[in-house]
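Here is the naming used below: chain letters follow the sequence lines, and residue numbers restart at 1 for every chain. Note that the structure is a prediction, hence the values are computed from the model and not measured.
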Amino acid sequence: GAGVSQSPRYKVAKRGQDVALRCDPISGHVSLFWYQQALGQGPEFLTYFQNEAQLDKSGLPSDRFFAERPEGSVSTLKIQRTQQEDSAVYLCASSFMGRDTGELFFGEGSRLTVL
Amino acid sequence: RKEVEQDPGPFNVPEGATVAFNCTYSNSASQSFFWYRQDCRKEPKLLMSVYSSGNEDGRFTAQLNRASQYISLLIRDSKLSDSATYLCVLQADSNYQLIWGAGTKLIIKP
């Protein structure tokens with residue numbers, strides 16, 4: 001499809017389990033963002049890639065969170081030893097230009113529930 | 001104080017009415033402003049950018065007041081399909097990062 005694709009759409013993990021969330025951005029989009037959205041809140045920034053370079057990971061809440069985009073296209077967000085507070089929707093967004101654009105194209109998100 | 005503040009609502013509005021809500025921001029360096037729309041359990045989508053002189057897109061009008069540091073969104077002749085959460089988003093000119101409000105929930109009733 002032409003949009004941002006995320007998988008899995010839903011993930012239930014036991015506390016302590018590792019999870020990997022995948023994002024396939026729009027072809028040719030330079031910028032890729034990961035956001036975390038809790039219920040009733042706006043998206044919270046996690047990390048930003050420009051092509052394969054991770055330029056900002058200041059929003060990652062702990063060292064259990066890791067993201068990569070090795071070939072400048074598909075990205076994976078990995079969460080190790082999941083905790084209940086990690087339960088949220090993880091949104092991936094892409095845009096064509098690196099800066100000065102407010103239009104991000106979002107995927108439908110991966111809803112993570114940690115039991 | 002949060003960087004971006006919005007009334008969470010919900011605003012319950014009859015179909016056909018006009019509704020407006022504001023978003024206040026604290027960072028005077030914010031340069032770009034946007035309204036996004038998010039339907040229940042869906043992803044955010046850009047509704048419109050907000051320009052200094054104000055701008056209109058069909059039934060939607062966005063305004064920016066830099067002196068008082070707020071932006072507004074006005075919806076005329078509201079439709080049932082306008083029911084959604086409206087997210088206020090800012091961008092500092094020197095930074096690619098977008099700062100998101102928590103959103104205002106709008107419910108249009110028949």
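- No more than 12 heavy-atom neighbours from other residues, nucleotides or ligands sit within 6.0 angstrom of CZ on A:Arg15.
- Rounding to the nearest 0.5 Å gives a distance of 11.5 Å between CG of B:Leu46 and OG of A:Ser95.
- Side chains of A:Gln37 and B:Gln38: a donor on one and an acceptor on the other come within 3.5 Å.
- Scanning all heavy atoms of the two residues, the minimum distance from B:Tyr36 to A:Leu104 falls at OH-N, 2.8 Å.
- If you look at B:Trp100 and A:Phe33, their ring centroids are not closer than 6.0 Å.
- When the shell of 6.0 Å around CD of A:Glu85 is examined, it contains more than 12 heavy atoms from other residues, nucleotides or ligands.
- More than 12 non-hydrogen atoms from other residues, nucleotides or ligands lie less than 6.0 angstrom from CG of B:Leu80.
- The heavy-atom pair separating A:Pro43 from B:Leu87 by the smallest distance is CD-CD1, 4.4 Å.
- Taking hydrophobic clusters as Ile, Leu, Val, Met, Phe, Trp and Tyr residues chained together by side-chain heavy-atom distances below 4.5 Å, A:Val114 shares a cluster with A:Ile79.
- Of the two parts of A:Phe105, neither the backbone nor the side chain holds a non-hydrogen atom closer than 4.5 Å to a non-hydrogen atom of chain B.
- The greatest number of non-hydrogen atom pairs below 4.5 Å with chain B, out of A:Gly40, A:Gly109, A:Gly107, is found for A:Gly107.
- Heavy atoms from other residues, nucleotides or ligands lying under 6.0 Å from CD of A:Gln54 number more than 12.
- One finds the CG atom of A:Leu91 at 12.5 Å from the NZ atom of B:Lys42 (value rounded to the nearest 0.5 Å).
- Residues B:Leu98 and A:Leu60 do not share a hydrophobic cluster, clusters being chains of Ile/Leu/Val/Met/Phe/Trp/Tyr side chains in contact below 4.5 Å.
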